[in-house]
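Worksheet for the structure shown next.
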Amino acid sequence: MTENELTTSREKNRKRIKFVVINGLVAGIYVVLTAPFANIAFGPIQFRIAEVLAVLPIFSAGTIPGVTLGCFLANLLNPQNLGPVDIIGGPIATLIAACFSWMIGKKNKPLGIIPPIVSNGLIVGFYLPFLLVEVAGPVTVQAVAISMLSVAGSEAVLLVVLGLPLIVLISKTKIKELL
């Protein structure tokens, strides 16, 4: 191997390691910010503090796996386990939102908070009434609509109150260079 090839190989390894470390940290932080608050993070009204991490893909597509994995692990570890629909459905909603946040965030970072609000509201809000029949009551069109609005509303409050300031913080510091 030439020295140039060796340097290129080392740089690729550094990038891979950084990718794994960043996504491991993001996933771990997501779980840590969800598990202690399970009583408000899961259920018919969801206020999941970890969703503030949904702003990270606005800055880097490289954080999409970490946010998605964090959601998967949090749902998997949910003490009130809602089953495979939630374990898979939540991360799918997160993955879709993260991809759109990244695309929108390239042009307008603050508008990057819209995809998690819409995606979680539509997807998670749709299936929750079916999983929480004993808590939420019979599944009706109104129950589904209320669930969708509730999930979207709590996501919107969280991302406006905590997400927008985090976007400003990341934009003004060297954190964005780490992502």
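As the structure is a computational prediction, the values presented were derived from the model and not from experiment.
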When rounded to the nearest 0.5 Å, the distance separating CG of Leu178 from CD1 of Ile170 is 10.0 Å
Examine the side chains of Asn13 and Arg16 and answer whether a donor and an acceptor come within less than 3.5 Å of each other. yes
Identify each donor-acceptor pair in which a side-chain atom of residues 30-41 lies under 3.5 Å from a protein atom, sequence neighbours left out, and give them as a table.
| residue | atom | partner | partner atom | Å |
| --- | --- | --- | --- | --- |
| Tyr30 | OH | Arg48 | NH1 | 3.3 |
| Tyr30 | OH | Glu51 | OE2 | 2.5 |
| Thr34 | OG1 | Tyr30 | O | 2.8 |

Cluster question for you: counting only ILVMFWY and a side-chain heavy-atom cut-off of under 4.5 Å, with indirect links fine, are Phe47 and Val52 together? yes
Looking only at heavy atoms, the pair that brings Gly62 and Phe19 closest together is O-CE1, 3.5 Å
I would like to know whether Phe126 and Val151 meet side-chain contact (heavy atoms from CB on, under 4.5 Å); could you show each step before the answer? CA-CA 9 Å; Phe126 176 80; Val151 171; over 6 Å; no
Please check if Val141 and Leu122 belong to a single hydrophobic cluster, counting links between Ile, Leu, Val, Met, Phe, Trp and Tyr side chain heavy atoms closer than 4.5 Å. no
Do Cys71 and Asn75 come within less than 4.5 Å of each other through their side chains, counting heavy atoms only? yes
With heavy-atom distances below 4.5 Å as the criterion, would you say the side chains of Ile92 and Leu95 are in contact? no
Just checking Lys15: does its NZ atom have more than 12 heavy atoms from other residues, nucleotides or ligands closer to it than 6.0 angstrom? no
What one should report as the nearest heavy-atom pair of Ile167 and Pro110 is CD1-CA, 4.3 Å
Nearest 0.5 Å please: distance from the CG atom of Leu82 over to the CG atom of Leu76. 12.0 Å
Under a 4.5 Å cut-off applied to non-hydrogen side-chain atoms, are Asn81 and Ile87 in contact? yes
Would Val118 end up clustered with Leu164 when hydrophobic side chains under 4.5 Å apart are linked, directly or stepwise? no
Grouping I, L, V, M, F, W and Y whenever their side-chain heavy atoms are under 4.5 Å apart, do Ile117 and Leu53 come out in a common cluster? yes
Minimum-distance pair of heavy atoms, taken over all atoms of Met148 and Gly125: CG-C, 3.5 Å
CG of Leu56 to OG1 of Thr63: how many Å apart, nearest 0.5 Å? 5.0 Å
Verify, without hydrogens or angle tests, whether Ser154 (side chain) and Ser150 (backbone) share a donor-acceptor contact under 3.5 angstrom. yes
Ile114 CD1 to Ser119 OG distance, which is reported to the nearest 0.5 Å: 13.0 Å
What are the two closest non-hydrogen atoms of Gln46 and Val124, and how far apart are they? OE1-CG1, 4.0 Å
d(Ile175 CD1, Phe59 CZ) to nearest 0.5 Å is 9.0 Å
For the hydrophobic clusters of this structure (ILVMFWY residues joined by side-chain heavy atoms under 4.5 Å, transitively), does one cluster hold both Val139 and Ile146? no
Roughly how far apart are Asp86 CG and Phe72 CZ, rounded to 0.5 Å? 11.0 Å
How close do Pro165 and Val160 get, counting heavy atoms only, and between which atoms? CD-O, 3.6 Å
Residue pair Cys99 / Ile64, side-chain heavy-atom distance below 4.5 Å: yes
So Asn23 and Leu69, do their side chains get closer than 4.5 Å, heavy atoms only? no
Do Leu166 and Leu162 touch side chain to side chain, with heavy atoms closer than 4.5 Å? no
Closest approach of Ala97 and Pro115, non-hydrogen atoms and distance? O-CB, 3.4 Å
